[in-house]
Amino acid sequence: MNKEEFYTQISDLLELEGELETNDSTLIEDVLEIDSLAHITLISFVKDELSFDLKAEDFSKFNTLSDLVKAIGESKFA
Amino acid sequence: MLTFKNQKVLISGASSGIGYSTAYLLNSLGVNTVLLGRNKSKLEESMSKLKHPDNASIIVFDFLSDVSIKDELRQSVADSGAFSGFVHSAGIDSAKPYKLLKSQDFDTMNKLNITAPFQVVKDLLHKSVFSPEGGSIVWLGSVMGSLGQKGKIAYTSSKAAVDGFVKSLALELAGKKIRVNSVAPGIVETPLTDELFSKTTEENIKAIEAMHPLGLGKPEDVANLIGFLLSDQSKWVTGTTHFIDGGYHIQ
């Protein structure tokens with residue numbers, strides 16, 4: 001999965017279309033506020049698809065989706 | 001005062017949490033305690049902390065990968081006599097919304113909560129392994145087996161299955177004087193709960209705590225109920241789910 005596909009999947013999972021455009025500069029806090037399940041959804045998705053363990057508290061360290069990608073590791077996005 | 005006549009109990013998930021607290025309680029009351037778990041060093045450490053480690057032993061077994069426990073049970077009987085009880089306390093947490101949930105997630109949950117420990121019970125109930133005088137089996141369900149929660153579809157459905165499972169097994173085993181019950185705890189402060197809380201926000205954790213009028217539980221709170229269900233004093237109790245949740249489910 002490349003970075004654009006990652007963003008698209010997040011958009012689909014959280015039904016962000018029409019609510020929020022997903023790209024490098026999308027604010028994490030805007031993504032998480034869209035749904036009460038957003039934390040669990042993102043943590044499960046990243047674990048299943050990219051084998052990366054996130055904790056809810058980690059999100060406070062990220063400003064944008066790009067920061068999340070960097071934390072996971074750019075190399076995981078082929 | 002709870003009494004346990006000639007009892008020997010196998011406890012899964014005994015390295016930590018409710019399983020360990022149950023092992024500690026029973027061992028303190030003179031019950032021969034067999035701790036079952038995946039990790040040998042953790043089991044040995046837990047056994048060493050019991051009040052009477054000389055009246056305890058361990059069996060290393062993984063419900064998700066090991067197939068048979070027959071040899072280990074037979075060896076245990078040869079070492080310290082027949083079993084009279086089983087507590088299934090091993091568990092895993094799963095939090096996934098429906099969009100990410102796969103059939104394998106249900107398979108894993110049901111294997112750990114029902115099918116794999118059921119095979120252990122079948123092996124345990126062999127006439128050369130289990131006491132002819134009868135005994136007691138206790139399964140860990142959850143208050144979530146009767147309620148719903150976002151992100152917990154696989155977990156709640158599997159825990160709901162536990163409630164039906166114990167009713168039917170209780171009827172089949174009543175003739176052998178073997179009682180079968182489940183306990184349905186609310187949120188208890190265990191390593192599994194720590195894992196669950198790591199995936200949610202501080203705000204959600206406070207909301208979960210607020211759902212328990214008596215506050216979150218301690219492992220020993222649940223162990224005390226399990227101890228009663230294994231004791232001679234509960235000889236007329238079978239096929240029942242016992243809530244122990246600080247008032248969670250009554251709201």
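Numbers restart at 1 for each chain; the letters A, B, ... are given by sequence-line order, proteins then strands. Atom set for the values below is all heavy atoms of this structure, side chains included, hydrogens, waters and symmetry mates excluded.
- Around atom NZ of Lys76(A), more than 12 heavy atoms belonging to other residues, nucleotides or ligands sit under 6.0 Å away.
- Ranked by non-hydrogen atom pairs under 4.5 Å with chain B, the options Asp58(A), Thr41(A), Leu32(A) are led by Thr41(A).
- Annotation for Ala95(B) and Ser44(A): closest pair O-OG, 2.9 Å, computed over non-hydrogen atoms.
- More than 12 heavy atoms of other residues, nucleotides or ligands shown are found within 6.0 angstrom of NZ on Lys3(A).
- Contacts between Asp12(A) and chain B at a heavy-atom distance below 4.5 Å involve the backbone alone (N, CA, C, O).
- Counting heavy-atom neighbours within 6.0 Å of Lys122(B) NZ, excluding the residue itself, gives a total of 12 or less.
- Inter-residue side-chain proximity for Glu195(B) and Lys55(A) is flagged as unmet; no heavy-atom pair is nearer than 4.5 Å.
- Distance check, rounded to the nearest 0.5 Å: NZ of Lys99(B) to CD of Gln9(A) gives 11.0 Å.
- Counting non-hydrogen atoms of neighbouring residues, nucleotides and ligands closer than 6.0 angstrom, the CD atom of Glu4(A) exceeds 12 such neighbours.
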*Given the rule in the side-chain contact (heavy atoms from CB on, under 4.5 Å) test, do Lys96(B) and Asp48(A) qualify, once you have shown the distances and angles that lead to the verdict?*
CA-CA 10 Å; Lys96(B) 275 189 185 180; Asp48(A) 284 359; 2.6 Å; yes
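- The neighbour count for Glu21(A) CD, taken as heavy atoms of other residues, nucleotides or ligands under 6.0 Å away, does not exceed 12.
- With a 4.5 Å cut-off on side-chain heavy atoms, His39(A) and Thr201(B) count as touching.
- From Ile40(A), atom CD1 reaches atom OG1 of Thr200(B) across 5.5 Å, with rounding to the nearest 0.5 Å.
- More than 12 heavy atoms of other residues, nucleotides or ligands shown are found within 6.0 angstrom of CD on Gln251(B).
- Interface residue Leu37(A): only side-chain heavy atoms are found under 4.5 Å from chain B.
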